[in-house]
> 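Mind looking over this structure? Questions follow.
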Amino acid sequence: MRQNAKNFCSRFAKDKNQNPMRINPLIPPIIVIGVIFGVITGADKAGLWSTSGRTSVNMQSMSALDIKGWMTIQQVSDGLGIPVEVVRAKLNVPADAPDSTAMKDLEKIVPGFETSTAREVLGKP
Amino acid sequence: MGRIFFTLPIPFIHVKQKESAMNTQTALKKLNIDFANKTPAAIFRRNKVWTQRLRHLSQLGFATFILYNSVQHNLATVDGAVPSIDALCPFGGVETLWRVISSGGQYVPKTHASNLVLLIGLVVGTLIAGGAFCGWVCPFGALQDLLTGIRKRLHLPEIVVPEKLDGVLRYGRYVTLAVILFQTITTITLWFAEIDPYRTLFGLEWLFNFDWAASAGAYLISFGVLFATLFVERGFCRYACPLGGAISVLGRFSLFRIRRTASSCKGCAICDVPCPVKLRISDVDVVSSNCIGCMACVNACPRHSTLDMQLKPTWLDFLKRPAASTQKAN
C-alpha cells in the first residue's frame, strides 16, 4: 500500500520535473473571458460603460463631425456655438419643425437630408 | 470512442478465435480493470471531447447573445434603448482609439466608451493568455466553424492553400488592419462598417431592413466570405480579419504559449491535422501567435507532456539566451 502511494507520488513528481510551467489548456480561455467580463464589470461600477452615443459626446467641445442622429436642432446649435437660425437655414429646416426635432427625424421631413450631410454642411466654415 | 481503441487489438490478435477474445474481455471485467477509461490515452481523448465541447458551447453562447441583442435592437421602438452590435465590438475600440486620444475624448460616430472598455479587456486578456478570444468568443469565428462542420458533414472537398501562398496571404490581415485604420482616421467614420461581413451578418439588417440598393456591396462581400469559408477553413480569420491581425501582434508577447518538447516528440504530425487555422505545429518549438487557442492540437497529441500550454512567454527565452551564453563564456 505504502509502495503504491510512493509510486503514485513519484509519478507526479516526475511529470512536474518534465514541464514545470505546464498548465491546464482550459485556463487561457477562462482568463480571456474572465478578464473581458471583469473589465466590463469594473467599467460599469466606475460609470465608464456606455453603449449609447447619448453619453459619449462631450457637448462642451464637440465638432460638426460629432453630430448624431439623436441630437436636436437646439443641441447642435448649442454644441457648435452656432445660432439656431443659422443651423435651420443651412439644413433647410421647414418653419413648422420645432427646435426640438432630432436630426434623424429631419431625414423624414427634409427630402435628401441625412445626418452625414448635416456634418458636412455645418463643418464648413 | 475510448473503448474502441483498446478493444481493437483483441480481435486483431484473435481473429479466428472470437470466443477466446470474448473470454479475455470477460476476464478483464472480472478483474475489475477498466482500461478504456483509466489509461492516459483515454484521458486525453476524454479531455479532447470536453475541451472542444466547452469551446463550442462558449462560442454558441456569445453568438446567441450577439444575435439576441441584434434582434432586440432591430425591434426596439425607443431609440438608444438597446445598443447596436457596433457598441459591443472590441474592434470599434481599435478604430476609435486614435480619435479619442487626438480629440480629447470624442469618438468616431457609432462607437462608444463600451468599445474602448472591450478593447482594454481584450488587450489585457491577450497579453496574458494569447488569442483565445478568436477561438472561444468571436461569433464570426463560431460561424466559420459551423460552416466547416457543415462542409465535413456534406463531405464537400476542402481547399488546401499551398504553404507558400498561405504564408503570403496571412499578411492580408495586417494590410486590412492598416487600410481600415488609415481610412477611419482620415474620414472619422466607421469606414469598414459599411462592408464588414461580421456586422452585415450579425447586425441582422439583411433580415429586418433588407436594402439591396444601399447595401449591395456589403451583401456581396458577406456572401463571398461565407462561400469561401465553406471551402477554406477559417478563411476570413486567416487572411482578412483585422482584429485577428491586431491580436496576433499582441499575442507575441502573451504569457501563455503552446510549446512542443522536441525531445519527446515522435514527429507523427497528428497535431497539425485538427488546427482550424492550419498552423504548422509539428516542427516548431513554440506555436505561432496566429494561434486561436482552440487547444485542438494539445488535445490531439498522443504523447504525454509533449505539446502543452505553458506559462512561459517567448520574450523570456530572449532574456535567458544572453544569460546562458554568458555562462558558457565563463
Side-chain angles (χ1 to χ4, degrees), chain A residues 11 14-44 46-71 79 102-105 114-116 118-120 123, chain B residues 47 50-51 54-55 58 62 79-84 86-88 90 99 103-118 120-122 124-126 128-133 135-137 188-189 254-256 258-259 261 264 293-295 298-299 304-305 308-312:
Chain A
R11 197 169 58 191
K14 199 179 175 185
D15 279 358
K16 210 177 176 187
N17 288 337
Q18 278 176 355
N19 252 332
M21 296 300 187
R22 182 176 174 229
I23 58 155
N24 189 309
L26 284 176
I27 289 176
I30 289 170
I31 288 177
V32 168
I33 295 169
V35 165
I36 290 173
F37 278 111
V39 170
I40 291 171
T41 309
D44 194 29
L48 298 171
W49 177 258
S50 157
T51 55
S52 167
R54 288 168 196 270
T55 51
S56 64
V57 177
N58 183 356
M59 296 296 282
Q60 268 68 49
S61 64
M62 68 173 270
S63 69
L65 291 167
D66 299 314
I67 295 173
K68 311 283 184 194
W70 54 264
M71 287 181 181
M103 290 293 117
K104 65 186 177 77
D105 294 330
E114 284 181 14
T115 308
S116 57
R119 290 185 196 120
E120 284 171 24
Chain B
N47 283 345
W50 272 105
T51 310
L54 282 173
R55 187 169 82 87
S58 166
F62 282 102
D79 183 52
V82 181
S84 70
D86 293 322
L88 301 174
R99 168 85 172 134
S103 70
Q106 300 289 3
Y107 293 81
V108 170
K110 292 184 183 175
T111 60
H112 314 291
S114 58
N115 296 105
L116 280 182
V117 170
L118 286 168
I120 292 166
L122 179 64
V124 174
T126 305
I128 297 171
F133 175 87
W136 291 73
V137 178
I188 317 184
T189 56
S254 71
L255 298 179
F256 295 149
I258 296 175
R259 286 174 179 265
T261 310
S264 60
C294 69
M295 304 297 159
V298 175
N299 294 148
H304 189 54
S305 291
D308 289 318
M309 177 59 82
Q310 293 181 26
L311 177 55
K312 198 176 174 188

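Letters go in sequence order (proteins before strands), and every chain restarts at 1. Values in this document were obtained by computation on a predicted structure and should not be read as measured data.
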> Side chain, backbone, both or neither: which part of A/I23 has an atom under 4.5 Å from a heavy atom of chain B?
both

> Quick one: does A/N24's side chain have a donor or acceptor within less than 3.5 Å of a partner on A/L26's backbone?
yes

> Restricting to non-hydrogen atoms, name the atom on A/S50 and the atom on B/H112 that form the minimum distance, rounded to 0.1 Å.
O-CB, 3.3 Å

> Given that the side chain runs from C-beta out, which part of A/I31 has a heavy atom under 4.5 Å from chain B: side chain, backbone, both or neither?
side chain

> Go through the atoms of B/I258 and report whether side chain, backbone, both or neither lie under 4.5 Å from a heavy atom of chain A.
neither

> Less than 4.5 Å to any heavy atom of chain A: does that hold for the side chain of B/F256, its backbone, both, or neither?
side chain

> Mind ranking B/L122, B/V108, B/T126, B/L118 by heavy-atom pairs under 4.5 Å with chain A and telling me who comes out on top?
B/L118

> In chain order, what residues pass the side chain to side chain donor-acceptor pair (under 3.5 Å) check against B/T189, with sequence neighbours excluded?
B/T187

> Does B/A87 offer a backbone N or O that forms a donor-acceptor pair with the side chain of B/S114 under 3.5 Å?
yes

> Kindly say whether B/I128 contributes a backbone atom to a donor-acceptor pair with the side chain of B/S254 at under 3.5 angstrom?
no

> If you count heavy-atom pairs under 4.5 Å with chain A, which of B/I188, B/L54, B/V117 comes out on top?
B/V117

> Who passes salt bridge (Lys or Arg N to Asp or Glu O under 4.0 Å) against A/D44, sequence neighbours left out?
none

> Pick one of side chain, backbone, both or neither for B/S58, based on which atoms fall under 4.5 Å of a heavy atom in chain A.
side chain

> Just so I understand: if I count every heavy-atom pair under 4.5 Å between each of A/I33, A/I27, A/T115 and chain B, which residue has the most?
A/I33

